[in-house]
Amino acid sequence: MSETNEKKDVVEKEFVAFPDVAADVINVLLYQGEKVANEDSLMAGPTESVYQGKKKLRNQYEDICKYKFSDGAVHLMYLIANQSRTDGKMLLRKAGYTGGIYREQYEGKIKDACPVIEFVLYWGKTRWRSSRSIRKMFGKKKISEKEWKYVDNLELYVFEMRRLPEETRELFESDMRIVVDFLAEGNGYRSDRKVVHKAALIKMIKVLSGDTDVDGIEDWLEEQGIREEDEIKVCELFDQYERKGRKEGRKEGEALGMEKGEARRLVKDVESAMNFFRVTLEKACEGLGTTVHGYEEARKICLESEPSA
């Protein structure tokens, strides 16, 4: 996995793993908003299971595991997978994940045996057209109805997070509502909703916009005196973060005869603003206090500084 994809994966895991977000996702996507799960009844479970490889035991990891407790005992186990790309063999991966959990229950490694529910949060831009059932996956094989009768029809439950209908998005009560509304509405999205997980939300919005430079978000929040427990609206948080970019852009774009490091920073900030706020090059430059000509000159400096092949 590349460093970029690894960062994106970590950000998505951390965001969905918050107890209130996980419970919200489960209730909205699986139970149409009914409060079946709550953050007090969910407990983080192991994301690692073991399977037999060709020569030795191998580890496999699910993104998020949550136990649902009822009357002091494990009632269900939820496995949540984040996917940025379609995967034609995801069904087989699911069989491995759930099979590994059931194997551990059989061997007594998990105290309370319970059913396992796995589903996929798909964040990609293209439609998920890969098979969602074993029957469809192997539909081209010449298998008779008599044979199909004895084939377990494993189902894959995939939710395309960029394409959730408005009536579904409105059911979210956690910060996930902000994320799915941002993905649906794009540039210009503003809301008076209160943000709970401030650093995690900014990181999530950035990586879903194509910008994996999420280092320093916590430091910036501290500089602004914004604590996790403080009340702040989406529009206020976004506006403050946008002003950060403008301030930095003015410092870096004052002169065209800039040094290589300054040129790289300006190009990075402009392109990050285009991805994060989904605006044109002209708008991004305007917001950062520079010009398109200044950006193009900075890009030339960056290209000239690159070693020739």
Original post:
With a cut-off of 6.0 Å (strictly less than), are more than 12 heavy atoms of other residues, nucleotides or ligands near CD of E166?
Top reply: no

Original post:
Of all heavy-atom pairs between A284 and A273, which one has the smallest distance, and what is that distance?
Top reply: CB-CB, 4.0 Å

Original post:
Are R177 and E173 within salt-bridge range, i.e. N to O under 4.0 Å?
Top reply: no

**OP:** Start with the C-alpha distance between I117 and L30, add both sets of side-chain angles, then the distance that settles side-chain contact (heavy atoms from CB on, under 4.5 Å), and finish with yes or no.
**Re:** CA-CA 10 Å; I117 296 175; L30 300 187; 4.0 Å; yes

Original post:
Under 3.5 Å, is there a donor-acceptor pair between the N275 and S209 side chains?
Top reply: no

Original post:
Is any side-chain heavy atom of I301 closer than 4.5 Å to a side-chain heavy atom of E297?
Top reply: no

Original post:
What is the minimum heavy-atom distance between F18 and A200, and which atoms define it?
Top reply: CE1-CB, 3.5 Å

Subject >> Check: I101 and M77 side chains under 4.5 Å, non-hydrogen atoms >> reply: yes

Subject >> Minimum heavy-atom distance between I134 and N153, given as atom pair plus value >> reply: N-OD1, 3.5 Å

**OP:** Report the residues that fulfil side-chain contact (heavy atoms from CB on, under 4.5 Å) with R163, sequence neighbours left out, ordered by chain and then residue number.
**Re:** R127, E160

Original post:
What distance separates M176 CE from L29 CG, expressed to the nearest 0.5 Å?
Top reply: 8.0 Å

**OP:** Can you establish whether the number of heavy atoms outside E222 located under 6.0 Å from its atom CD is more than 12?
**Re:** no

Subject >> Verify same cluster id: V207, V10 (apolar side-chain graph, 4.5 Å) >> reply: no

Original post:
So with a 6.0 Å cut-off around CG of D152, is the heavy-atom count from everything else above 12?
Top reply: no

Original post:
Rounded to the nearest 0.5 Å, how far does CG of D211 lie from OG of S272?
Top reply: 3.5 Å

Original post:
Is there a side-chain contact between V180 and F159, using heavy atoms and a 4.5 Å cut-off?
Top reply: no

**OP:** Would you name the heavy atoms of Y295 and C285 that are closest together and state the gap between them?
**Re:** CB-SG, 3.9 Å

**OP:** Give a yes or no answer on whether the side chain of D63 reaches the backbone of N82 with a donor-acceptor pair at less than 3.5 Å.
**Re:** yes

**OP:** Keeping the roles fixed (side chain from K66, backbone from A17), state whether a donor-acceptor pair exists under 3.5 Å.
**Re:** yes

Original post:
Is any side-chain N of the basic residue among E231 and R193 closer than 4.0 Å to the acidic one's carboxylate O?
Top reply: no

Original post:
With a 4.0 Å cut-off, would you call D213 and K206 a salt bridge?
Top reply: no

**OP:** Identify, with sequence neighbours excluded, every residue that meets side-chain contact (heavy atoms from CB on, under 4.5 Å) alongside T86.
**Re:** Y122, T126, W128, S130

**OP:** Decide side-chain contact (heavy atoms from CB on, under 4.5 Å) for F119 and V158; before the verdict, give the C-alpha distance in whole Å, the side-chain angles of both, and the deciding distance to 0.1 Å.
**Re:** CA-CA 6 Å; F119 60 101; V158 180; over 6 Å; no

**OP:** Group every Ile, Leu, Val, Met, Phe, Trp and Tyr by side-chain heavy-atom contacts under 4.5 Å, then state whether V196 and L42 land in the same group.
**Re:** no

Original post:
Has the side chain of D230 got a donor or acceptor atom that lies under 3.5 Å from a matching backbone atom of R227?
Top reply: yes

Original post:
If you look at every heavy atom in L79 and V116, which pair is closest and at what distance?
Top reply: CD1-CG1, 3.7 Å

**OP:** Without swapping roles, check the side chain of S41 against the backbone of A37 for a donor-acceptor pair under 3.5 Å.
**Re:** no

Subject >> Pairs where residues 16-33 contributes a residue and the test side chain to side chain donor-acceptor pair (under 3.5 Å) is met, not counting sequence neighbours >> reply: D20-H197, D24-S174, Y31-Y78

Subject >> Chi angles and distances behind the side-chain contact (heavy atoms from CB on, under 4.5 Å) call for I178, S191 >> reply: CA-CA 8 Å; I178 300 167; S191 169; 5.5 Å; no

Original post:
Say you draw a straight line from CD of E34 to CD1 of I26; how long is it, rounded to the nearest 0.5 Å?
Top reply: 13.5 Å

**OP:** Answer yes or no: is there a donor N or O on one side and an acceptor on the other, between the side chain of T98 and the main chain of K94, under 3.5 Å?
**Re:** yes

Subject >> Salt bridge present between R103 and E107 (N-O < 4.0 angstrom) >> reply: yes

Original post:
Is there side-chain contact between S133 and L154, with at least one heavy-atom pair below 4.5 Å?
Top reply: no

Original post:
Does the pair R93/E118 count as a salt bridge with the N-to-O cut at 4.0 Å?
Top reply: no

Original post:
Should we count CZ of R162 as having more than 12 external heavy atoms under 6.0 Å?
Top reply: yes

Subject >> Full working for salt bridge (Lys or Arg N to Asp or Glu O under 4.0 Å) between E145 and R135 >> reply: CA-CA 11 Å; E145 285 301 319; R135 184 150 188 159; 2.3 Å; yes

Subject >> E236 and K233 ion-paired at < 4.0 Å >> reply: no

**OP:** Decide, yes or no, whether a salt bridge links R265 with D269 under the criterion of side-chain N to carboxylate O below 4.0 Å.
**Re:** no

**OP:** For residues T291 and E296, determine if any side-chain heavy atom of one lies less than 4.5 Å from a side-chain heavy atom of the other.
**Re:** no

Subject >> Y106 side chain reached by E104 side chain, heavy atoms, under 4.5 Å >> reply: no

Original post:
Mind checking whether V270 and M274 have side chains closer than 4.5 Å, heavy atoms only?
Top reply: yes

**OP:** Taking E12 for its side chain and D9 for its backbone only, find out whether a donor-acceptor pair lies under 3.5 Å.
**Re:** no

Subject >> Flag side-chain contact, heavy atom, 4.5 Å: F15 against K203 >> reply: no

Original post:
What are the two closest heavy atoms between A113 and Q105, and how far apart are they?
Top reply: CA-OE1, 3.4 Å

**OP:** Report the distance from atom CD of Q83 to atom CG of L121, rounding to the nearest 0.5 Å.
**Re:** 10.0 Å

**OP:** Output the distance between atom SG (C65) and atom CD1 (I80), rounded to the nearest 0.5 Å.
**Re:** 9.0 Å

**OP:** Using the side-chain contact (heavy atoms from CB on, under 4.5 Å) rule, take L208 and K8 through it: C-alpha gap first, then chi angles, then the decisive distance, then the call.
**Re:** CA-CA 8 Å; L208 292 176; K8 190 171 185 292; 4.2 Å; yes

Original post:
Looking at NZ of K198 and NZ of K194, how far apart are the two atoms once the value is rounded to the nearest 0.5 Å?
Top reply: 10.5 Å

Original post:
Is the shortest distance from a Lys or Arg side-chain nitrogen in K7 or D215 to a carboxylate oxygen in the other one below 4.0 Å?
Top reply: yes

